[in-house]
A.B. asks: 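Here's a structure for you.
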Amino acid sequence: GGEESFVVSPDGRHIYYSTQTQGRTEAFTSDSDLFRVAVAGGAPVNLTPGNPAYDGAPAVSPDGRRLAWLAGRRENVGGDQARVMVADADGSNPRELLGDWDRGPSSLRWASDGRSLLTTASENGQFRLFRIDAATGAVAALTGDGSVAGLDEAGGVIVYGHERFTTPTQIHVRDARGQSRVLTAHNAEALARLDLPEPESFTFAGWNGEPVQGWVFRPAGFADGGRYPAVHLIHGGPKSPWTDSWSYRWNPQTYTAAGYAVVMVNFHGSPGFGQAFTDAINDHWGDRPLEDLEKGWTAALAANPWIDGNRACALGASYGGYMVNMIAGRSNEGWRCLVNHAGVFDVPQLMN
């Protein structure tokens, strides 16, 4: 792991870290445990032996009296939303902090006053920063549209990276009164020369009639009355949603700049829409997401008549490439081209 896998206690006397200890069978389980070891030496103590799933992201309160961490619920289930656990510093008296918050925290740290924890999580096509009350478990979103990438906090002031589909990461600061401002303007001159269309979120009835979220982008230089070719971008993972963020790989603005409309769908299996939505893809790689992609494409065309559906291409990488293969084999109508980048093509063989 990285720096998220270990932490030193404020008094410098203990290290908490997450690791696997199954030896040759590690590759067959997602189970990892949280350990505590004295800096002076001695045997590590396993603090989470009873949880068969992931335990990690340890965080020690500023006074050194409490330990928080992220704990998975199920072994070997991808996209399993982690619980936020809080215990005494020695791991005793553990309790689950959150109740019915149906999102999956992906990071964890204490605020400097010891009264709350800061975390990030996908939510409805965004990747937001949240504050969790350490006593009650109440959750409050601290950012709106866009995605948070990295954070630090001191004295109630939070500094974090923030990006959107229309801008790469900039450094933001949020003061103790809750007021935010941007500290940096990286690449401002280059960005000023670009036409970066704003994303348009849309929702449609997908598999099982359930609401599914997606994005539409107009091409750069869009003019009313025009008809534009389009690309349907399909995300990988499969549990890696399209969030309002900047990418140096599958960036939709690469296609808008070339004159294409862009459609992207957060099909069933995408995190940020609840655990049941994410779990819906389990054992259904080939049908439910494909239904969402087909219905999402149809909905996008109906709502945006300026998109020329007869001049369109579907593209995807990894699981997105697997979906492109499914499109080619099951619904290969109306596409000018299909692009599979590193897609799985033989799932039974892979599983064996």
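Quick note: residue numbers are just sequence positions, from 1.
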A.B. asks: Can you list the residues that meet the side chain to side chain donor-acceptor pair (under 3.5 Å) rule with Asn93, with sequence neighbours excluded?
C.D. replies: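 Asn93 satisfies side chain to side chain donor-acceptor pair (under 3.5 Å) with Asp88 once adjacent residues are dropped.
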
A.B. asks: Just jot down the ring pair (Phe, Tyr, Trp, His ring centres under 6.0 Å) partners of Tyr319, sequence neighbours excluded, or say none.
C.D. replies: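 Ring pair (Phe, Tyr, Trp, His ring centres under 6.0 Å) list for Tyr319, sorted by chain: Phe267, Trp285, Tyr322.
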
A.B. asks: Output all residues satisfying ring pair (Phe, Tyr, Trp, His ring centres under 6.0 Å) with His14, sequence neighbours left out; order by chain, then residue number.
C.D. replies: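 Residues passing ring pair (Phe, Tyr, Trp, His ring centres under 6.0 Å) with His14: none at all.
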
A.B. asks: Who else is in the cluster with Trp207 when I, L, V, M, F, W and Y are joined by side-chain contacts under 4.5 Å?
C.D. replies: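 When side chains under 4.5 Å apart are linked, Trp207 ends up in no cluster with other residues.
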
A.B. asks: Throw together a table of side-chain donor-acceptor distances under 3.5 angstrom for residues 214-225, partners on residues two or more places apart or in other chains.
C.D. replies:
residue: Trp215; atom: NE1; partner: Trp242; partner atom: O; Å: 3.1
residue: Arg218; atom: NE; partner: Glu200; partner atom: OE2; Å: 3.0

A.B. asks: Please tabulate, for side-chain N and O atoms in residues 38-60, each donor-acceptor pair with protein atoms closer than 3.5 Å (sequence neighbours left out).
C.D. replies:
residue: Asn46; atom: OD1; partner: Thr48; partner atom: N; Å: 2.9
residue: Asn46; atom: ND2; partner: Asp33; partner atom: OD2; Å: 3.4
residue: Thr48; atom: OG1; partner: Asp33; partner atom: OD1; Å: 3.1
residue: Thr48; atom: OG1; partner: Leu34; partner atom: N; Å: 2.9
residue: Thr48; atom: OG1; partner: Asp55; partner atom: OD2; Å: 3.3
residue: Asn51; atom: OD1; partner: Ala53; partner atom: N; Å: 3.3
residue: Asn51; atom: ND2; partner: Tyr54; partner atom: O; Å: 3.4
residue: Asn51; atom: ND2; partner: Asp55; partner atom: OD1; Å: 3.1
residue: Asn51; atom: ND2; partner: Asp55; partner atom: OD2; Å: 3.1
residue: Asn51; atom: ND2; partner: Gly72; partner atom: O; Å: 3.3
residue: Tyr54; atom: OH; partner: Ala57; partner atom: N; Å: 3.4
residue: Asp55; atom: OD1; partner: Trp69; partner atom: NE1; Å: 3.1

A.B. asks: Pairs of donor and acceptor atoms involving the side chains of residues 147-154, under 3.5 Å and at least two apart or interchain, shall be tabulated with distances.
C.D. replies:
residue: Ser147; atom: OG; partner: Asp244; partner atom: O; Å: 3.0
residue: Asp152; atom: OD1; partner: Arg109; partner atom: NH1; Å: 2.8
residue: Glu153; atom: OE1; partner: Ser112; partner atom: N; Å: 2.8
residue: Glu153; atom: OE1; partner: Ser112; partner atom: OG; Å: 3.2
residue: Glu153; atom: OE2; partner: Ser112; partner atom: N; Å: 3.4
residue: Glu153; atom: OE2; partner: Ser112; partner atom: OG; Å: 2.9
residue: Glu153; atom: OE2; partner: Gly156; partner atom: N; Å: 2.9

A.B. asks: Side-chain polar contacts of residues 249-261 - donor-acceptor pairs under 3.5 angstrom, sequence neighbours left out - could you list them?
C.D. replies:
residue: Asn251; atom: OD1; partner: Gln253; partner atom: N; Å: 2.9
residue: Asn251; atom: ND2; partner: Ser247; partner atom: O; Å: 2.9
residue: Gln253; atom: OE1; partner: Thr256; partner atom: OG1; Å: 2.8
residue: Gln253; atom: NE2; partner: Phe165; partner atom: O; Å: 3.2
residue: Gln253; atom: NE2; partner: Pro197; partner atom: O; Å: 3.0
residue: Thr254; atom: OG1; partner: Asn251; partner atom: O; Å: 3.2
residue: Thr256; atom: OG1; partner: Gln253; partner atom: O; Å: 3.1

A.B. asks: Got a sec, which residues hit side chain to side chain donor-acceptor pair (under 3.5 Å) with Thr203, two or more places apart in sequence or on another chain?
C.D. replies: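 Side chain to side chain donor-acceptor pair (under 3.5 Å) check on Thr203 returns nothing, list empty.
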
A.B. asks: Arg73: which residues meet the side chain to side chain donor-acceptor pair (under 3.5 Å) condition with it, sequence neighbours left out?
C.D. replies: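 Side chain to side chain donor-acceptor pair (under 3.5 Å) list for Arg73, sorted by chain: Glu96.
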
A.B. asks: For Thr120, give me all partners under side chain to side chain donor-acceptor pair (under 3.5 Å), at least two apart in sequence or on another chain.
C.D. replies: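 Residues passing side chain to side chain donor-acceptor pair (under 3.5 Å) with Thr120: Ser106, Ser107.
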
A.B. asks: Hey, can you pull the donor-acceptor pairs under 3.5 Å for the side chains in residues 176-191, sequence neighbours left out?
C.D. replies:
residue: Arg177; atom: NH2; partner: Asp175; partner atom: OD2; Å: 3.3
residue: Thr184; atom: OG1; partner: Gln170; partner atom: OE1; Å: 2.7
residue: Thr184; atom: OG1; partner: Ile171; partner atom: N; Å: 2.9

